[in-house]
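Written out below as structure tokens is the structure these notes cover.
Predicted, not measured: the structure shown is a model, and the values here were computed from it. Sequence positions, counted from 1, serve as the residue numbers for this chain.
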Amino acid sequence: MRETETLLVDAREQVYTALAEMQTAQPYSLHSSYPKGTPEHPVVTWAEYSNVATDCPVVDELVFQIDLWTRDRAGQQELSQAVNQTMTALGLKRVYAGPDRYEDTGSGCWRKTFRFGRKVDKRTMRLID
């Protein structure tokens with residue numbers, strides 16, 4: 001087995017930096033998981049959702065999940081646009097967009113879930129499809 005085949009692709013720092021520098025009219029806090037207690041809203045949470053090998057030994061597939069937590073739908077829509085622009089600017093494709101939903105289980109927030117991903121050629125670290 002070649003070294004390239006055992007390489008783990010890691011794009012977490014690029015995703016974090018892009019989300020932290022995201023341009024939006026409203027302030028937001030960025031976390032790797034939903035914060036404990038009563039956070040300032042809106043909140044953007046992000047995580048590496050999947051990082052798996054494919055049938056080709058030099059290609060991995062990455063997926064990142066971004067959740068938006070806002071007090072109203074207008075804020076959710078604005079953040080949705082900003083997240084989509086930010087992640088697609090990295091070269092990732094939107095592979096899932098969940099429904100707009102109100103979380104009545106205690107948070108009292110509107111929640112929107114996105115997943116963005118691509119395949120990566122580990123020899124060149126280029127996004128491919």
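At a threshold of 4.5 Å between side-chain heavy atoms, the hydrophobic network of Ile, Leu, Val, Met, Phe, Trp and Tyr places W69 and V44 in two separate groups. Under the 4.5 Å side-chain heavy-atom criterion for Ile, Leu, Val, Met, Phe, Trp and Tyr, L127 and V95 are members of distinct hydrophobic clusters. Criterion: ILVMFWY side-chain heavy atoms under 4.5 Å apart, direct or through other members. Under it, V83 and W110 are not part of a common hydrophobic cluster.
Considering only residues two or more places apart in sequence or on other chains, V59 meets the side-chain contact (heavy atoms from CB on, under 4.5 Å) condition with T54, C56, K119, I128. The side-chain contact (heavy atoms from CB on, under 4.5 Å) search around N84 returns T88, R94, F116, not counting sequence neighbours. Residues that satisfy the side chain to side chain donor-acceptor pair (under 3.5 Å) test with E48, not counting sequence neighbours, are N51. Applying the side-chain contact (heavy atoms from CB on, under 4.5 Å) criterion to T24, with sequence neighbours excluded, gives Q26, Y28, E78, L79, A82. In this structure, D72 has no side chain to side chain donor-acceptor pair (under 3.5 Å) partners at least two apart in sequence or on a different chain. With sequence neighbours left out, the side-chain contact (heavy atoms from CB on, under 4.5 Å) criterion links T86 to A18, L19, M22.
Note: D100 CG to T113 OG1 = 10.0 Å, rounded to the nearest 0.5 Å. L90 contributes atom CG, which lies 7.5 Å from atom CD of Q14 (distance to the nearest 0.5 angstrom). With rounding to the nearest 0.5 angstrom, the CG atom of D67 is 13.0 Å from the NE2 atom of H31. Put simply, CZ on R115 and CE on M87 are 12.5 Å apart, with the number rounded to the nearest 0.5 Å. Note that CZ of R123 is 11.0 Å distant from CE of M125, once rounded to the nearest 0.5 Å. Rounded to the nearest 0.5 Å, atoms OG1 (T45) and CG (L30) are 8.5 Å apart.
Residues F64 and Y49 have side chains not in contact (no heavy-atom distance under 4.5 Å, counting atoms from C-beta outward). Within the 4.5 Å cutoff, the side chain of L68 has no heavy atoms near those of the P42 side chain.
Using a 30° and 60° split on the angle between ring planes, Y16 and W46 fall in the tilted class, from 30° to 60°.
No more than 12 heavy atoms of other residues, nucleotides or ligands lie within 6.0 Å of CG in D55, so this atom counts as exposed by the packing criterion.
Considering all non-hydrogen atoms of both residues, A47 and S32 come closest at CB-O, 4.3 Å. In this structure, R71 and C109 approach most closely via the heavy-atom pair NH1-SG, 4.1 Å.
Side-chain atoms of Q23 come within 3.5 Å of backbone atoms of E21 as a donor-acceptor pair (strictly under, hydrogens ignored).
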